[in-house]
Amino acid sequence: GAVVSQHPSWVICKSGTSVKIECRSLDFQATTMFWYRQFPKQSLMLMATSNEGSKATYEQGVEKDKFLINHASLTLSTLTVTSAHPEDSSFYICSARVPGGAGNEQFFGPGTRLTVL
Amino acid sequence: AQSVAQPEDQVNVAEGNPLTVKCTYSVSGNPYLFWYVQYPNRGLQFLLKYITGDNLVKGSYGFEAEFNKSQTSFHLKKPSALVSDSALYFCAVSPRTGNTPLVFGKGTRLSVIA
């Protein structure tokens, strides 16, 4: 099946620094990837839709200058949390959709745990 | 607007007993429906999906779900629960048209007690 990887799996950083999270589709090309954020014991909150070769579409309330998304190739999307603060600490999950796949199924990465001190 | 409701935050069941995790949805037209499972500090693992055809869908690890159009439900079931089934379960929906992302329910935590 389709495999999506994320790197790093966890990261701890100081407040004010920027952190980049990579999302890769390993065995398929993904024109569309999605970035979610999950707080403890809560559901996934869609942050943005990442489209290869074009600007990301952000959900209402998500700061695009805070969460920079780049989808430079058909297998890689990156999320950069700029000037991170403790309230940005969360579990970030990406997913990708197989083009032409049946049922709009999304394949999820293993997630990245971000802790901002 | 599409939405998914998982009315139970927590479901407790004894090992060996049948389990049900409830899901209802609201979406225009006929939807695609999904169940995912999440273990601690892990991403989501696909369990099963309904696209078309038989209303009873069989998935991974012995789980199944039944699409009920009249009740707009897609409850997840398993005949005999295992302790290892303890996890967080998410129901998700997608309309058939467009490239919109899945919309998730809030999740239901399943605890299977030995």
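The basis for the numbers below is simple: all heavy atoms, side chains too, and nothing from hydrogens, waters or symmetry mates. Below, chain A is the first sequence line, B the second, and so on; all start at residue 1.
- You'll find the side chain of A/Leu44 reaches within 4.5 Å of the side chain of B/Leu44, heavy atoms only.
- Hydrophobic clustering of Ile, Leu, Val, Met, Phe, Trp and Tyr side chains at less than 4.5 Å, counting indirect connections, keeps B/Tyr32 apart from B/Val4.
- Only the backbone of A/Gln42 comes within contact range of chain B, with heavy atoms under 4.5 Å apart.
- Grouping the Ile, Leu, Val, Met, Phe, Trp and Tyr side chains by contacts below 4.5 angstrom, directly or via other members, places B/Phe104 apart from B/Val11.
- Heavy atoms only, all atoms of each residue included: A/Gln106 and B/Tyr36 are closest at O-OH, 2.8 Å.
- No chain of hydrophobic side-chain contacts below 4.5 Å, direct or via other Ile, Leu, Val, Met, Phe, Trp or Tyr residues, connects B/Phe90 to A/Phe39.
- Only the side chain of A/Gln38 comes within contact range of chain B, with heavy atoms under 4.5 Å apart.
- Around atom NE2 of A/His85, more than 12 heavy atoms belonging to other residues, nucleotides or ligands sit under 6.0 Å away.
- Remark: the backbone N or O of B/Gly105 is paired with a side-chain donor or acceptor of A/Ser43 at under 3.5 angstrom.
- For NZ of A/Lys20, the number of neighbouring non-hydrogen atoms (other residues, nucleotides, ligands) closer than 6.0 Å is 12 at most.
- Residues B/Gln38 and A/Ile93 form a side-chain contact, since some pair of their non-hydrogen atoms from C-beta on lies under 4.5 Å apart.
- No continuous path of hydrophobic side-chain contacts links A/Ile12 to A/Val19 [ILVMFWY only; heavy atoms under 4.5 Å].
- At a threshold of 4.5 Å between side-chain heavy atoms, the hydrophobic network of Ile, Leu, Val, Met, Phe, Trp and Tyr places A/Met33 and A/Leu79 in two separate groups.
- In this structure, the ring of B/Phe34 has its center no less than 6.0 angstrom from the ring center of A/Phe108.
- With a threshold of 4.5 angstrom between heavy atoms, B/Tyr50 does not approach chain A through any atom at all.
- Ring pair A/Phe107/B/Phe46: centre-to-centre distance not below 6.0 Å.
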